[in-house]
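The figures that follow rest on heavy atoms only: side chains count, while hydrogens, waters and symmetry mates do not. For clarity, every value in this text was computed on a predicted model and none was experimentally measured.
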Amino acid sequence: MSAVVAATAAALTGCGAAADEDDAAAVVDRFHRALAEGDGRAACRLLSPRLESQLPAAGESCAEAVLAKQVPEPGRPVEASVYGTMAQLRYDGDTVFLTELERAGWRIVAAACSEVPGHPYDCRVSAG
């Protein structure tokens, strides 16, 4: 587990503090690991409160909703960028956006995002 986090953190580069990039990368690693293990509840604990509350449809739990999104494996880490309390982590097959919350640390605000030239990212896991 820590080897995966360390490998991801070592491969990431960006313009933010290295500790912030490492912490954000660790959250993304835990999120993808939870999904791979089918543990939607653990994955939901890594989402921002807004995303956790807005992701499920009526009558659905966050755990059910996040697993239904069928988030693909992220692939190899490419780049991490931290801008104050916001971060973007790019992988071969995914881009994840995070925010840093005062008491909770880094939390995911959007995942499984694809760049759409000339438009905002298209994300499978996002609020609204």
Side-chain angles (χ1 to χ4, degrees):
M1 176 167 125
S2 62
V4 173
V5 173
T8 299
L12 296 171
T13 61
C15 61
D20 286 337
E21 293 170 2
D22 291 350
D23 292 346
V27 169
V28 174
D29 284 343
R30 289 186 355 237
F31 176 73
H32 282 107
R33 191 174 315 108
L35 293 176
E37 294 170 355
D39 189 349
R41 292 181 69 184
C44 284
R45 286 193 294 269
L46 300 169
L47 303 178
S48 71
R50 179 175 179 231
L51 179 55
E52 184 178 5
S53 69
Q54 292 185 358
L55 188 62
E60 185 180 42
S61 71
C62 178
E64 293 167 333
V66 74
L67 291 174
K69 297 295 182 181
Q70 299 182 340
V71 174
E73 289 290 322
R76 186 178 56 85
V78 175
E79 181 178 32
S81 301
V82 174
Y83 307 97
T85 59
M86 301 299 291
Q88 177 188 30
L89 276 67
R90 292 182 355 149
Y91 298 82
D92 284 343
D94 192 7
T95 299
V96 181
F97 296 91
L98 302 100
T99 188
E100 187 176 30
L101 303 176
E102 188 172 317
R103 294 183 182 188
W106 290 103
R107 292 294 177 259
I108 295 168
V109 295
C113 300
S114 301
E115 191 171 356
V116 181
H119 298 280
Y121 277 78
D122 181 29
C123 301
R124 287 189 195 180
V125 179
S126 65

To the nearest 0.5 Å, what is the distance between CD (E60) and SG (C62)? 9.0 Å
Any idea which heavy atoms bring A111 and I108 closest together, and the distance? CB-CG2, 4.1 Å
Closest heavy-atom contact between V27 and L46? O-CD1, 3.8 Å
Examine distances only and state if a side-chain atom of E52 and a backbone atom of P49 form a donor-acceptor pair shorter than 3.5 Å. no
Beyond-backbone contact of L35 with F31, side-chain heavy atoms, under 4.5 angstrom: yes
Less than 4.5 Å apart, any side-chain heavy atom of S114 and any of Y121? no
Rounding to 0.5 Å, atoms SG (C113) and CG (L89) come to a distance of 11.5 Å
Please list, one pair per line, the donor and acceptor atoms closer than 3.5 Å that link side chains of residues 63-75 to other protein atoms, with sequence neighbours excluded.
residue : atom : partner : partner atom : Å
E64     : OE1  : S61     : N            : 2.9
E64     : OE1  : S61     : OG           : 3.4

Does Q88 reach the side chain of T95, with side-chain heavy atoms less than 4.5 Å apart? yes
Separation between OG (S48) and CG (L51), nearest 0.5 Å, reads 4.5 Å
To the nearest 0.5 Å, tell me how far D23 CG sits from L98 CG. 11.0 Å
Strictly distance-based, threshold 3.5 Å: is any side-chain N or O of T99 a donor or acceptor partner for the main-chain N or O of T85? yes
Pair listing, salt bridge (charged side-chain N to carboxylate O under 4.0 Å, His left out) test, anchored in residues 91-103, at least two apart: R76-D92
Tell me the closest heavy-atom pair linking Q54 and A127, and the distance in Å. OE1-CB, 3.0 Å
Check whether R45 reaches the backbone of G40 with its side chain - one donor and one acceptor, N or O, closer than 3.5 Å. no
Kindly indicate whether the side chain of W106, heavy atoms from C-beta on, has any atom under 4.5 Å from the side chain of V28. no
